[in-house]
Enquirer: 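Input: one structure, supplied below.
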Amino acid sequence: MEYFRLRGTGVSPGIAVGEVLLSEGIVFTSRKIGIKKEHIDRELKRLDVAIHRTGEQLRKLKEEIGKKVGSDHSFIFEAHLFILQDDSLISRIKEIIKDEKTRAERAISKVFEEYSKMFKSIEDEYFKQREYDLKDVLSKIYLNLESYKKLKKDDGKEKILVAHDLLPSEAASRLSQGNVLAVALDVGGTTSHTAILARSLNIPAVMGLSQITRKVKDGDTLIVDGTNGEVIINPPLAIRREFDSKQKKYDSYVRELKKTAKLESRTLDRVRFFPFANIELPEEVDLAFSMGAEGVGLFRTEFIFFQRKDLPSEEDHYQVYSQVAKNAGKKPVYIRTVDIGGEKNFPQLSIEKEPNPALGLRGFRLSLRERTHFKTQLRAILRASALNKNVRIMLPMITGLEEIEEAKLIIGDIKEELKAQKFKYDENIPFGIMIEVPAAAAISDSLVKEVDYISIGTNDLIQYYLAVDRSNELVSYLFKPLHPSVLRLLKFIIDSAKKEKKEVTLCGEMAADPLSALALLGLGLKRFSMNPIFIPKIKKALRSVEYKSAQMIVEKALDLKTAREVEEHFLESILSKHPKALLATEAS
Ligand code: PEP
Ligand code: MG
């Protein structure tokens, strides 16, 4: 048995060791299977029966998956039912059967080829996603034609699922069975539906392995390390032992963290802090809360735009926001209006090419230019605020007071409009801004007076303040959240909010690093928003220190000259006073 190691993207953490179950996707036929003219009607009837059966299966799956893993994951079947009712699609299949006098199998395959060709010529996330859904539905009809080759059934034993890709419905039904130990795919990435599902079900997963399906066969032994994005095929005993012990360590680490998720968010001296989640999809809410999030501190809404061919309608926005607001119950949800422009380009808005996109028409600046779309988004956010009164409006890339005033006028107008149209909304919906441009940071003492809360976006704030492109590997060594200049700036922002008795949250990656989180606590920050999987770790770190000593340690750090001095000072002081706080970084 050959031994291989493959690297991919770890999209769901954890380690699993087990036997391979290779999933064969359906292969459409390229063989023309001719029929006689008088059999055309019989063939059309066969197709109708298969379509009808597919509809019944989709409805059943929708109900089953809804019960097993929640309605967030069953909406996919609703989308598939829509595709099934698409007249142009079904008529095209029928047309091919009639014109080419061929069996339905070939007609379906040909329709798929035609659509695939069209999808390939378009570089658009929305279309890529639709191709996937279309294939899923066509495969189902194909299989329901009866003359298909039966797909391999799994025997119910625990296995590691290996596939080129998983169709959305296949992912939902297979992963919810409870016998999938891990997933390894040739393609895919962090935001794919399968990745999200794997994370919410705690199934380790690695994607983007490009050739794994060619390298394994049923029954091979596989190690999947979803934390480090590695897959090992037929490991020798020594490696297997190494991973067995890593797995045990990881599992007990997770058990511990899960316990932490349920514990109170208080420091050793009983000072309350609040962990929140940064999310991009409504499906992530449940995972966030299971990790101990006390709300959604940042809901990035760009995904709604990237998922579509056209611009999202008010209803498209509303569907998403109302789902998040409902899932969050009484917990707060900070919805950030769209932050596109810059590198996050978006074909639907025909944004000009800019010489320096990071300093260009980005975030709120673009929203002001594309006012109609901005208003559409705000209307949906306001309407969703009526449901649980837990929604907050948050604006990205604010530089000055004029922008806040302008935004308030727009929101005021929309409220009037909604009232006139008898739509409900939360009259007191909190309104806040992100502090992520140094200019806004420098006058945060006056800006904070004009809003209900502020949220510090250190990913951008540090990028602009230290002049370090956040996505440029060549200068990433200069991206230093613990640079004394950054600490001083953060202190000013946090103090400004406190003086006005306004909420201040930090939602950049910095909040997910234990050492930085301890520094932030020392600066007086109590609200930390981050990718949900880091919440237990940060909670553990913050629960292991005294607020008072964090304050003292930071005070000295503010007088140091370099980031390295700050780091060393922190490590030494924390290690001597609260060594447990640093244990939180282990096994991560
Ligand atoms: C930030 O800039 O810190 C932030 C949270 O926003 P984003 O990463 O989406 O730019
Ligand atoms: Mg930002």
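If you're wondering where the values come from, they're calculated on a predicted model, not measured in any experiment. Ligands are counted one by one from 1 in listed order, and the atoms in each one are counted from 1 as well.
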Enquirer: Check Glu436 and report its N/O/S atom nearest to the Mg ion (ligand 2), by atom name.
Expert: OE1
Enquirer: Non-hydrogen atoms of Met434 versus ligand 1: any pair closer than 4.0 Å?
Expert: yes
Enquirer: Under 4.0 Å between a Lys/Arg side-chain N and an Asp/Glu carboxylate O for Glu500 and Lys502?
Expert: no
Enquirer: In ligand 1, which numbered atoms sit nearer than 4.0 Å to a non-hydrogen atom of Arg362?
Expert: 10 (O)
Enquirer: Using 4.0 Å as the upper bound for N to carboxylate O, is an ion pair formed by Glu294 and Arg272?
Expert: yes
Enquirer: Would you call Glu354-Arg362 a salt bridge at under 4.0 Å N-O?
Expert: no
Enquirer: Does Val486 form a side chain to side chain contact (heavy atoms under 4.5 Å, CB included) with Leu466? I'd like the steps, not just the answer.
Expert: CA-CA 8 Å; Val486 175; Leu466 297 184; 4.1 Å; yes
Enquirer: Check whether any side-chain N or O of Asn390 sits under 3.5 Å from a backbone N or O of Val333 as a donor-acceptor pair, and report yes or no.
Expert: no
Enquirer: So is Gln463 close enough to ligand 1, meaning a heavy atom under 4.0 angstrom away?
Expert: no
Enquirer: Quick check on contacts: which atoms of ligand 1 are under 4.0 angstrom from a heavy atom of Gly508?
Expert: 3 (O)
Enquirer: Would a distance-only check, ignoring hydrogens and angles, find a side-chain to backbone donor-acceptor pair under 3.5 Å from Arg488 to Leu558?
Expert: yes
Enquirer: Can you tell me which portion of Asp460 lies within the under-4.0 Å heavy-atom range of ligand 1? Options are side chain, backbone, both, or neither.
Expert: both
Enquirer: Go through ligand 1 atom by atom and flag the ones less than 4.0 Å from a non-hydrogen atom of Arg470.
Expert: 2 (O), 7 (P), 8 (O), 10 (O)
Enquirer: Can any side-chain N or O of Asp269 pair as donor or acceptor with the backbone N or O of Lys548 at less than 3.5 Å?
Expert: yes
Enquirer: Just jot down the ligand 1 atoms closer than 4.0 angstrom to any heavy atom of Leu298, in number order.
Expert: 5 (C)
Enquirer: Which atoms of ligand 1 are found less than 4.0 Å from any heavy atom of Cys507?
Expert: 5 (C)
Enquirer: Closest to the Mg ion (ligand 2), which N/O/S atom of Asp460 is it?
Expert: OD2
Enquirer: Counting from 1, what ligand 1 atoms have a heavy atom of Gly457 closer than 4.0 Å?
Expert: 1 (C), 2 (O), 3 (O)
Enquirer: Side chain to side chain donor-acceptor pair (under 3.5 Å) with Tyr321: which of Lys326, Arg383, Gln377?
Expert: Gln377
